[in-house]
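Structure, as structure tokens:
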Amino acid sequence: MSNEVHSALYLSVPFCKSKCSFCNFASGVFSRQLFDRYVAHLEQAIASSPQVAEECGTAFDPILDSVYLGGGTPSVLAPDQLRRVMQAIRATFTLAAGVEFTVEIAPGTLSEEILAVLVEASVNRVSLGVQSFVDQETRAVGRLHNRETTLADVERLRAAGIAEISIDLIAGLPYQTEESWRRSLDDLIALRPPHASVYMLEVDDDSRLGRELIAGGERYHAHHVPDEALTVALYEQAADSLNAAGIAQYEISNFAHAGHESRHNLRYWQRQPYFGFGVEASAMLPAPLPGEPHRALRISQVDSLDALLGGAKPERTVVGEQQAIEETYFLGLRQTKGVELVAIKQEFGIDAVDRYREVIAAQVERGLLEIEDGWLRLTRRGRLLSNDVFAEFLTE
Ligand code: SF4
């Protein structure tokens, strides 16, 4: 982890206006009263950041380079609740001059009041969970917005001065075809967002759609989910189209115009420290000990809202040197540029590269990894089989 960066903060808000059929994240539709209790929890948690750092044995840096409110859908909070979260951040931290401050928004949940809170809090980046510009597809998975709402929200964000907009799409939604996906990609490109994310649909077995895929049924349109081959083809179609439009792929699921990559997400892939609070959030902070300069702690919050509000403590896991090396490979390889082998040697010693020579050679042989100018990276095919490649770097 580099010492030249300041702090980063992730907050999860596990509330949504409706539950997407494929999602089994601990998010859902809850009462406003519960929102209040949750906001109070976040206020306390954010204020505990200096103490969390101290418990890790690391100095607390109050300057934030990046803030990310995700979820769930933070924009379903009432304006005064969202304002309280923003104030809590400012009470403990200071925003760096060039801070990247992102909030995830579901199209159709951006009221004028919420927009005003975002502007007042210096939010300068919004990630819009569009998923598709084809109304039949968003409707099929339980999203409440349509194409018109999305286009209007982008316009309103820009008019309010929030120009850093990221648009999320999902390849593999029910009813999706190459032709309908083409329309979504064309709409996205026409909007000229600085950033886009494209995910292949992952249906959790415990989600409503997942259960229907296993047991059969009609309600969640399981029969209309594209097969794996089509989903992969849609993903590749997206990568080609976005690259051609200058929204270049810089990570397995992420694309950006040069200079507009998500700084917050880059921190995860480059193993830089971050605080994280709220349901299912995690933090990683340096926790060096004499003789163990790379030691860090991962602090994982519980995934149940009830347990969290009931006072459940997060789980702390030590990230030792071996794990730090493994993470450097498999997180770094998510980036299109890959990892620089000389940098790994410098950080961890020559053995951190030597002991993987066989693994690397085997994956190069399979056509999943390539080495160029000292950088090790996934090939195009390797990006589709990335989990198989990453597993090779794990000792357990
Ligand atoms: S996919 Fe996102 S918006 Fe949909 S239910 Fe899950 S967390 Fe909420």
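All of these numbers come straight from a predicted model, not from anything done at the bench. Whatever order the structure lists ligands and atoms in, that order sets their numbers, starting from 1.
Ligand-side atoms of ligand 1 in range of R143: 3 (S), 4 (Fe), range being under 4.0 angstrom from any heavy atom. Atom numbering of ligand 1 starts at 1 in the shown order; those under 4.0 Å from a heavy atom of C16 are 3 (S), 5 (S), 7 (S), 8 (Fe).
Between the side chains of R84 and Q81, no donor-acceptor pair is found at a separation under 3.5 Å.
Taking Y235 as the reference, nothing meets the ring-ring contact (aromatic ring centres under 6.0 Å, His included) condition, with sequence neighbours excluded. Here H260 pairs with nothing under the ring-ring contact (aromatic ring centres under 6.0 Å, His included) rule; sequence neighbours left out.
Here C23 meets the criterion, with an N, O or S atom under 2.8 Å of atom 6 (Fe) of ligand 1.
Ion pairing between E251 and R383 fails under the 4.0 Å rule for side-chain N and carboxylate O.
Residue contacts with ligand 1: G72 is included, with a non-hydrogen atom under 4.0 Å away.
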